> 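Structure in structure tokens, see below.
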Amino acid sequence: MQATLTFLGSGTSMGVPTLGCDCAVCLSAVSPGGGQPAASPHNRRTRPSVLIAWAGHNVVIDTGPDFHAQAIAAGIHRLDAVLYSHGHADHVLGMDDLRPLSFHNSPSLPLYADEETALTIERIFNYTFNPDHYYPTRARVALHRIPSTPGAEIELFGVKFQRVPVTHGRQTITGYRFGSAAYLTDLSDLAPESLPLLTGLDILILDALRHEPHPTHSHLEKSIALVEQIAPRRAFFTHISHGLDHDATNATLPPHIRLAHDGLQLTFDIGTEPARD
Ligand SMILES: [Zn+2]
Ligand SMILES: [Zn+2]
Ligand SMILES: [Zn+2]
């Protein structure tokens, strides 16, 4: 079954341009004014999120602080589920923007998160989840816990989404495999038990923050090595900082590896049976 994956955002937690920065990449991402386009629109990166659409169903992974603008840009009118990777601000702060979309879901819009992420979302949005709060237009959402086991499955409209444990600094967070694609954001390393879940991929999406190593995110050289190890047909890097110019970096990468950019769309087969561990 054919599916479309849209990068709603491809930037790091601070976004690009980064506030207060006048480096060449940040300057190239904004219009100089007078109606002129930005020199490098692909250097404009909002916080990381993807939309996966198939057979009339729409599923989003993460709702960061840019979600409202991203949903408008992508023309999202209905959502069927939201999956969360972890509880950092750049991945969850847009949850409240699900309110108007959730009013279309009966009885509620399902959210999926691992235990630690679910606790964070419940704490931040206490007025949504605490039954003692009265807030009549709160999001109509139901937060479901994903088991922590590698390869744990959620089935959404006939498609299995598998949990792929991802090392993010000192945390273990949740990546997802769905059909022939995998989305592993905020990755600094992969646990050995995750590798069998990533065989036979068409599309692998993972972090490449910048050129220099970072304690909680993979950098360009390490991400290229991970792509060689996992051997997908094609790979796309996301969660990109202002350290990487889009065109200049792509010119150095092998043809099957590209930097993602906001709005990039990929088609892939979501019907492929997920890997078994
Ligand atoms: Zn992040
Ligand atoms: Zn900058
Ligand atoms: Zn993070």
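Read the numbers this way: they start at 1 and go in the same order the structure lists the ligands and their atoms. Just so you know, these numbers come straight off a predicted model, no measurement behind them.
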> Between Asp202 and Arg234, does any NZ, NE, NH1 or NH2 come within less than 4.0 Å of an OD or OE carboxylate oxygen?
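Salt bridge: yes.
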> Please report the interatomic distance OH(Tyr176) to CG(Leu184), rounded to the nearest 0.5 Å.
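With rounding to 0.5 Å, OH (Tyr176) is 11.5 Å from CG (Leu184).
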> Please work out the angle at the Zn ion (ligand 3) defined by atom ND1 of His88 on one side and atom OD2 of Asp186 on the other, rounded to 10°.
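If I round to 10°, I get 170°.
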> Could you check whether Ser188 and His217, counting side-chain N and O atoms only, form a donor-acceptor pair closer than 3.5 Å?
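No.
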> How about His68: does its NE2 atom have over 12 heavy atoms from other parts shown lying under 6.0 Å from it?
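It does not: His68 NE2 has 12 such atoms or fewer within range.
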> Distance check below 2.8 Å: does Asp90 bring an N, O or S atom to the Zn ion (ligand 3)?
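Coordinating: no.
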> Is His91 close enough to the Zn ion (ligand 1) that one of its N, O or S atoms comes in under 2.8 Å?
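Within the cut-off used here (under 2.8 Å), His91 does place an N, O or S atom near the Zn ion (ligand 1).
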> The Zn ion (ligand 1) to His217: any N/O/S contact under 2.8 Å?
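So His217 does not count as coordinating the Zn ion (ligand 1).
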> Which of these passes side-chain contact (heavy atoms from CB on, under 4.5 Å) with His239: Arg210, Arg47, His91?
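Of the listed residues Arg210, Arg47, His91, the side-chain contact (heavy atoms from CB on, under 4.5 Å) partner of His239 is His91.
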> With respect to the Zn ion (ligand 2), what is the nearest N, O or S atom of His242?
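Of the nitrogen, oxygen and sulfur atoms in His242, the Zn ion (ligand 2) lies nearest to ND1.
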> Can you tell me the angle formed at the Zn ion (ligand 3) by NE2 of His86 and NE2 of His168, to 10°?
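NE2 of His86 and NE2 of His168 make an angle of 100° at the Zn ion (ligand 3), to the nearest 10°.
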> Just to verify, which of Thr63, Asp62, Thr120 counts as forming a side chain to side chain donor-acceptor pair (under 3.5 Å) with Tyr84?
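Of the listed residues Thr63, Asp62, Thr120, the side chain to side chain donor-acceptor pair (under 3.5 Å) partner of Tyr84 is Thr63.
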> Hey, what's the angle at the Zn ion (ligand 2) spanning SG (Cys26) and SG (Cys23), nearest 10 degrees?
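An angle of 110° at the metal.
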